[in-house]
Every structure is written in C-alpha cells, then in structure tokens.
Amino acid sequence: MAKNLVIVESPAKAKTIEKFLGKDFKVTSSFGHIADLPSRELGVDVEKDFKPKYVVDKEKKALVKKLKEMAKSSDTVWLASDEDREGEAIAWHLAETLKLDKDKTKRIVFNSITKSAILKAIENPRTIDYNLVNAQQARRVLDRLVGYEISPILWKKIKTGLSAGRVQSVAVRLIVEREREIQGFVPEASYRVAAEFVTKEGKVFKAKLQNTFNSKEAAGKFLQKNIAADFSVSDLDTRPAKKSPAAPFTTSTLQQEASRKLYFSVSKTMRMAQRLYEAGLITYMRTDSTNLSSEAVKAAKEEIVRSYGEKYSKPRNYATKAKGAQEAHEAIRPTNMAVHDLKDVERDMARLYELIWKRTIASQMSEAQLERTNVKIQANKHDELFLASGEVLKFDGFLKVYLEGTDDEDEEQEGMLPALTVGEYVDKKYMSATQRYTRPPYRYTEASLVKKLEELGIGRPSTYAPTISTIQTRGYVERGMVEGVERKYVQLMLLQDSVKEEVYAEKVGSDKGKLVPTDIGMIVNDFLVNHFSSILDYNFTAKVEEDFDNIASGGEDWTKMMKDFYEDFHPNVKNVEEHAERETGERVLGEDPESGRQVSVRLGKFGPMAQIGTSEEEEKPRFASLLPDQSIETLTLEEALSLFELPRVLGVYEGEEVAVNVGRFGPYVRFGKSFVSLGKDDEVFDVTMDRAIELIKEKQKADAPIASYQGKEVTKGKGRFGPFIKWDGKFINVNKKYDFDNLSDEDIVALIEDKIKKDAEKLISYWEEEDIKLEKGRWGTSTITKGKKKINLPKTVDATKLTLEQVKEIIEKETKTKKKTTKKTTKSKK
DNA sequence: CAGTGAGCGAGCTTCCGCTTGACTT
C-alpha cells in the first residue's frame, strides 16, 4: 500500500493527478459528498442549535468502507476536495466519517490540475477551515428548512407531490412573470422607411430613414414627396473601432453558446462535456471561473503564434463577473491547445469540443480592428435624412477563429458601404414603408434562464441543468408548443413615380421549445409569492449569501444566522398552514345561457377543468377537462361552454360508433372500443368524419404487423428510448443505421437474430419451470427476470455461482421492498 | 389507461449541491 492517500472529488481528476505524483501516492475519489441530511425527514434539530443529522447514503456505504480501509493503511491522508464551501464540507465529512487521525490528515487545495499547482499544494498543507464548513452547513440547513417546510404546505393547499425551494421557486417565478408580460403586451404598429440607393458607378447600398410614421397615410404622404427627388450625400463620418473576444467558457456561458450555436439543451451540453472531461480532452465542466492557468495561457499563445502568427496573439486574464462565484476550478478549456478538432468521437461531442477550443483560443487573441462609416443622405424635396452605416474589417484578429452568438433574434449584420464622398449624388432604386410591430419580451430558453439565474447569483454550475429538469418534472413549466399566429402587415413601395400597396403575412409569437408556465406553475407561484414573499424575492439568495460569506470569514455564528431566519420563517409557515385558503386558481367566467348557472374554471383533482354550476346547488355541477393548449388564466366563456359539447359523436363506421373527445392523454377519436390520439394539427371541434376515418385507418396500419418471423408477428412502435420493433415479447431498439419507416425483411430478420444472439450471450441460467432468467448486464452487474419483474444485482455478486434457491431468496427479499421502486417507475414514465 | 370532480383516511411526496452510474420500454 502507498504511504500517501490523496482523496479528490471526481475519479477522472484522481486519474490525472496520480500521473503527476510519484508512486508513493495513491489517488482516489469520494464521488462528491459522502454524507448528507436524510431524505425522508427534516434531519435538523431546530430546538438544539439546528444540529444537522448526517447520514451516509445507502449507495455510498460500500465506498466509505473502501475509503476507510485505504486510509487505515496509509501514513498520511491528503484531503484534496475543491477549494470552496462544498469542498471544505466534503473534506470535513471525510475526516469525520472515516474517523481520520488528526496528526496524519492534511488538507490541500489547488484550482488548476497542473503538475506545478499540485506539487505546490502538497508543500503547503493546512487544516480544515471550520468557518468555511459552517458556512456550508448554514447553506445546507437553510435550503432544507425552506424546502421541507414549505413543500408540505403546497401538498395541503394545492396538490400532493409539489415542491418549493430557494432556487426552483424563483426560476418558476421568472418564467411566470415573463409569460404575464407577454400576455399583457399590446403591440404598437409604426411604419419604417427603407431605401436602396445606387452610386454613379452602379454600386448599391441600403439606408434607413431616421423617423418612423404612425399611420399608413403619413407614410404614404412621405413616399410621395420622394417622387422625382434628388438625393445626395450630406455627411460622411469614418472612425476606427475595435471588438474584443469573450472570456473563456464557464458552465453557464458554455450552456448558452451551445444552445445558440448548436441547438443543444442544457442537459445535452453537460452530458457531452462530461464525456469530453472523462476522456481527458477538456478541463472540468462545472465551473464559475473564467480564469486560465498560466500554463494554459502559455500553451494557447504558442498555438496561436504557430497557427496564425505573432500578431494574432494577445494573452489576457479575465475577471469573473458572476455574482457569488467561488472559483474552485479553471475555466472550461481544452487540455491540449494543439488539438483543434476531434475525430473518432461522436459528432456532437466533436462539435462541442470545437466550440470550446475556438472560444479558448479566441480569448487569447488580438482585438479585431474595424472601420465604421456613417453616412447621411439628404433629399431636395424634404428635410428628413436617410442613414446608412457600414463596417470594414481592417484586421480580423480573434474573429479569424470565433464570434460569440447573440440572443437577440433581430440583430442585423452590417455590410460594407461603397466608397462615397460628401456632395455626391446618388439615385434612388426603391423606397419602402413597412408596417412593423413592437415586440413583446422573449420567452426564456433553458439557456437564457440559466443566464438570468446566474446574474441573480441563484444556483450553482452543478445545479443549473438539474433545476431546469426539476421544474419540468414537477409540471410547473413546459417546453413550449406555441405555434404562433399569422399577422398581416402592410408595405408601401415606391419604385419609379408611383406608390403601390401590398399586404404580406408574417408568423409571430412562434416559440417552440421555449419555457412556458403551466396552470399548476402559475397557481403555485402566486401562492408562494403571496405567502412567502421574502423567500421568493429575487434578492433572497444574494442576501443570505452575504451571511454565508460572513460565516466563512469567521465574523458570524452560523447557528445565530439560522435562529434569526427561523424566528420569522417558521411562524409564517404555521400561519399559512392554518389560515391560507386552498388555492385552485378559480376564475368565474360568467353564466351559462342555457341554464343560467355559473360557469367557472379551476384546477381540479385531475388537472385544469371547467365547471357549470356550483356544489352548493341542488343539481350536481357539470365538469369538463380543458384541452392541452388551453389555460385557466386565459380561457374565455365561449371556450369553456364549447367544452361541454364533448363528446362529439360523428357517426358510424364499419358498424361502430365514432366519437371525438378529450381524455387523460389529450384529444382522441374513439372507434368502438379502440382509441386514436388526434394529430398535432387537428382541432377537437373541427375534426370531420372523413378525418376521423383517416386517423383510424392510419392507426390500424401502424399497429398491423410488418412481418412475421418463426410464425410470430413483428410490430413496430416508438417508445421512451426511440423506435423499436417488438417480436415474441422482446423490444428491439432500431438505431439510426436503419431507415425505420422502410424496414426491409432482411433488416427485420437481422435485428431479431442479432437480439437472440445477444440474449443468448448474456444468459447465465434459465429455470424454465419457474420462469426465472439470470443474465449478465453490461456493467458487470447481473439481472434476474421473473415474468415481467426485473431485479438488478449489485456488482459485487458473482451471478455465475448463484443457485436457484439463492435466486428465489433474492426475489422474495426484493418483493418486500418493491413498493418504492414501482412508484418510481410510474413517475418516470411521464 | 381514455367515463372521474362527494368524503374519508393510510401512506406517500419535498430541498440544494457535490459526484457518477444506471442500461430500461
């Protein structure tokens, strides 16, 4: 056994560091935190100085045992977790949980993984910083109290299973408030005038009128004035300008840029980055720092000089601007600057790598030098001025490699202007006045939400992606299907000496994939903002972070901070629990003209619904679910009433009744006893008998067997894990190599035989009379299958040696604790 | 799985941050 044991947080990091240290050092990892509050209870003794109860997670027990043994046989244990709050707490938990001897334990930190940084760290060990640990405990306990005291209030007042938290609830609030701004937005139209001019040499350029007009008449009148007018250059101004490169990537800027340029979701970016990191190709991907190690700056410089020449190099350091940044790591950069792109890896990994390489290299390159020209064009028949501007690139600098993307969809690229002189006459080619509308604010994308959260100092690099998925799995937010609507606009065009009017159409408000709040999201948000305004305050995190900082520097006692917070917080929770009304988001829309009863809309047991009548009346109320694209907040009386016309019976087809309705899974056509979901473009109230029959036929075709193999039918479908074919009860994934819509018979046979072969290779034992299968898994684990039940065995079990009796025992044990896992699977189905 | 929406009550849900691993329908 080695004399020295170094414990870091990540196994990939351990692997790298071990190479730098001699053979006297064994490097291993803790896989993040090893101890935490228990998940099933509060785990904080609020009566006794908020003493936390720490437990080792079930899945970490084996790891802790292994670490203990390794520590025991080493002379010195080096706790090398990250240099921030969480890292310090990890070191402390390791020291406590592994019961490390103080005299043989040393705490070291480094924020770049280079040989010199690590050797320097080893020479300068310190002890655990308990102030920093206490700051972490304060953060942890505060989050626990907020989350675990407010969530149960939501179960009681709105719906079970809901959640609230310091981070997620503010994220939802941002999205809800943005949506309301959009709903309340009234677009204003104005006419903008644009023109194209031609120089004597025949060079064309575009110009815009400074003024806009707010009516068609005024715009038309202005165009008339330009008939047979003379135009000349009245002013010309040229000045140098420069552009600087953006800082190297942090987690947040990587997510934004991958979203803008590669259309990756936040979680996809992190998945790809994780794999690049594990392959040793990039530095750590969860960071809030824009800092590069001096080695990296030097390597970038060498690569730039080699590839582009000396004048393109300009080494720089970037100050991190994110609020509350902890800077435990470097910026995200390639580990080897000489590798410009990757071959032999998955395409999307290579694309992300290239983005990281370009951004890093560009950040160490010279500014781009530009010449910006602004020109004014005057007319002899009126006083309005046309403006034209252009840019000429004098030296490309960093632009040779990379330019950061923008979130502004309207931004126009400025082109070049022809050479012009003051007083020169130009000819009008055309002039137009186009009706333009002001725009509502943009809905958030996953990445722009991350950007906003980071600006507010809310959340950490390791939680951005999980937070976005939490607010979606809780049903507060959806990725939008908002199709947008057509809007007409007018364009007046002056070509020679007459003004012509044309009407065009544009699509507005199309927001596919953007984040849109659900009814539940809005109701929960309003409830929280009303009753827990201080927690929902956009500055709450910033305020408590100040306290955490004071605790970290030893200026404040963490239990005192908790006490101050809890003194106000807890009585408020109790008060809301007792006095707040149940929240359903109910809106009364008016009266049903037929019965005169009240029509309302609210959140019901099974989701948003409309209701005719009230429960106080003698006659029972009538209920109807809302359509998937409708919402409580915007539903009109007419829309509500039409919901009660369902189900619509369309007629009879092949002796069975055909009807349209809305159910648990959205709108559908019922045909006898079978159901067909409506297509995306179908409207429940518009579907005709012909369309319904078409849908039924499509469904029958899709369900029909596509082939048969060994006398058993083969069908196909699309599941959670992509397209598959099904044969003999087996699901066989069809990967992209095959054309799923046109599978040939040979493809099908190949897929099935391949599956049979692979299953046979996996099979260890099969007890036919008991219907129990024992199979090898892909990661050294094994699986027991009994009928439809599946049990995964831990890696430590050698499945090849199991007997039928032992297997039966395992199944029995598993069945007892089964309850929990079944619930989990039904949830993940959603 | 696609009709529900009363009221009761058992047993459950939930946070944020640090990490990787799980291999399915």
Side-chain angles (χ1 to χ4, degrees), chain A residues 8-13 29-37 39-44 57 59-60 63 81-82 84-87 89-90 93 136 139-155 159-169 274 278 286 328 458-464 466-467 470 474 541 602-607 609-611 615 620-625 646-647 661-670 673-677 717-722 724 726 730-733 777-779 781 783 788 790 792 795 819-820 823 825 827-829:
Chain A
V8 295
E9 288 178 36
S10 116
K13 197 166 163 180
S29 88
S30 72
F31 295 80
H33 276 293
I34 55 159
D36 190 16
L37 301 174
S39 67
R40 299 298 174 84
E41 52 177 309
L42 187 64
V44 175
D57 189 275
E59 282 162 20
K60 292 247 162 149
L63 170 77
S81 44
D82 295 347
D84 58 13
R85 257 189 340 236
E86 299 299 327
I90 289 173
H93 280 139
Q136 193 272 347
R139 198 281 303 155
R140 182 69 191 89
V141 169
L142 179 99
D143 282 338
R144 173 51 69 94
L145 292 174
V146 169
Y148 274 41
E149 291 211 359
I150 299 182
S151 298
I153 305 289
L154 297 179
W155 307 340
K159 200 182 141 187
T160 64
L162 297 176
S163 66
R166 175 176 58 83
V167 173
Q168 58 167 287
S169 296
Q274 173 88 32
E278 282 168 8
R286 291 187 276 263
I458 298 172
R460 304 279 313 131
S462 66
T463 60
Y464 296 137
T467 299
T470 300
R474 294 274 173 275
T541 291
R602 66 180 171 94
L603 190 67
K605 207 170 176 180
F606 306 106
M609 62 168 206
Q611 180 175 344
S615 50
K620 240 186 114 197
R622 296 170 64 202
F623 304 101
S625 289
L646 298 171
N661 201 359
V662 181
R664 172 105 175 64
F665 306 104
Y668 64 90
V669 172
R670 184 175 53 78
K673 275 182 184 155
S674 64
F675 297 87
V676 190
S677 288
K718 275 180 190 161
R720 250 204 304 161
F721 309 106
F724 63 87
K726 199 177 164 190
K730 290 180 203 294
F731 289 92
I732 306 165
N733 287 328
R778 253 194 282 176
W779 272 268
T781 58
T783 316
K788 281 192 168 176
K790 275 206 160 116
N792 294 317
K795 268 187 182 171
K819 256 186 169 171
K820 245 168 41 198
K823 266 217 153 140
T825 38
K827 218 176 182 178
S828 57
K829 253 183 196 163

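Just so it is clear: chains get the letters A, B, ... in the order the sequence lines come, proteins before strands, and each one is counted from 1.
Stacking of A:Trp155 onto the six-membered ring of B:dT13 is present: less than 5.5 angstrom between centres, less than 30° between planes. Taking a centre distance below 5.5 Å and an interplanar angle below 30 degrees as the stacking criterion, A:Phe31 does not stack against the six-membered base ring of B:dT19.
At the heavy-atom level, A:Gly459 lies under 4.0 Å from the strands shown only through sugar-phosphate atoms. Within the 4.0 angstrom heavy-atom criterion, only backbone atoms of the sugar-phosphate kind lie near A:Arg460; the bases stay farther away. Note on A:Ala164: only backbone sugar-phosphate atoms sit closer than 4.0 angstrom, heavy atoms only; bases stay farther off. Residue A:Leu142 is out of contact with every strand shown, counting any heavy-atom pair closer than 4.0 Å. No engagement by A:Val146 is indicated, since no non-hydrogen atom pair under 4.0 Å with the nucleic acid exists. Within the nucleic acid shown, A:Arg166 comes within 4.0 Å of sugar-phosphate atoms alone, with no base atom in reach, counting heavy atoms only. Looking at heavy-atom distances under 4.0 Å, A:Thr463 makes contact with a base. Using a 4.0 Å heavy-atom cutoff across all strands shown, A:Pro647 reaches no nucleic acid atom at all. Residue contacts for A:Gly32: at a heavy-atom cut-off of 4.0 Å it reaches a base atom on one of the strands shown. The residue A:Gln274 sits close only to the backbone: its heavy atoms come under 4.0 Å of sugar-phosphate atoms, none of a base. Among the atoms of the strands shown, base atoms are found under 4.0 Å from some heavy atom of A:Ser39. Within 4.0 Å of A:Gln168, counting heavy atoms only, lie sugar-phosphate atoms of the nucleic acid but no base atom. Using a 4.0 Å heavy-atom distance criterion, A:Ser151 is classed as a base contact.
Under the ring-ring contact (aromatic ring centres under 6.0 Å, His included) criterion, A:Tyr148 pairs with no residue at all, not counting sequence neighbours. Legend: residues meeting salt bridge (Lys or Arg N to Asp or Glu O under 4.0 Å) with A:Glu41, ordered by chain and number and at least two apart, are A:Lys53. Every residue two or more places apart in sequence or in another chain that forms a side chain to side chain contact (heavy atoms under 4.5 Å, CB included) with A:Val167 is listed here: A:Ile458, A:Thr467. In this structure A:Ser81 satisfies the side chain to side chain donor-acceptor pair (under 3.5 Å) test together with A:Arg107, sequence neighbours excluded. Listed by chain and residue number, nothing satisfies the salt bridge (Lys or Arg N to Asp or Glu O under 4.0 Å) test with A:Arg144 (two or more places apart in sequence, or in another chain). Qualifying salt bridge (Lys or Arg N to Asp or Glu O under 4.0 Å) partners for A:Arg286, counting only residues two or more places apart in sequence or in other chains: none. With sequence neighbours excluded, the residues that form a salt bridge (Lys or Arg N to Asp or Glu O under 4.0 Å) with A:Glu86 are A:Arg139.
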Exercise. Which string of ( ) [ ] | and . matches DNA chain B, if you list each base 5' to 3' and count Watson-Crick or G-U pairs only when both distances are under 3.5 Å?
Worked result: .........................

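A:Glu41 places its CD atom 15 Å from the C1' atom of B:dT13, with the value rounded to the nearest Å. The separation between A:Arg139 atom CZ and B:dC15 atom P is 13 Å, rounded to whole Å. Regarding A:Arg40, its CZ atom lies at a distance of 9 Å from the C1' atom of B:dT13, rounded to whole Å. The CG atom of A:Leu154 sits 11 Å away from the C1' atom of B:dT13 (whole-angstrom rounding). Rounded to whole angstrom, the span from the CG atom of A:Leu42 across to the P atom of B:dC16 amounts to 15 Å.
In the interface, the side chain of A:Arg140 is paired with the base of B:dC15 through a donor and an acceptor atom under 3.5 Å apart. At a cut-off of 3.5 angstrom, counting only N and O atoms as typed in the model, there is no donor on one side facing an acceptor on the other between the side-chain of A:Arg286 and the base of B:dC18.
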Check nucleotides 2-6 of chain B for protein N or O atoms closer than 3.5 Å to its own N or O atoms and list the pairs.
{"unit_1": "B:dG3", "atom_1": "OP1", "unit_2": "A:Tyr668", "atom_2": "OH", "d": "3.2"}
{"unit_1": "B:dG5", "atom_1": "O6", "unit_2": "A:Ser625", "atom_2": "OG", "d": "3.4"}
{"unit_1": "B:dG5", "atom_1": "N2", "unit_2": "A:Lys605", "atom_2": "N", "d": "3.1"}
{"unit_1": "B:dG5", "atom_1": "N2", "unit_2": "A:Phe606", "atom_2": "N", "d": "2.7"}

Problem set entry | Verdict with reasoning, A:Asp82 to A:Lys13, per side chain to side chain contact (heavy atoms under 4.5 Å, CB included) | CA-CA 11 Å; A:Asp82 295 347; A:Lys13 197 166 163 180; 2.9 Å; yes

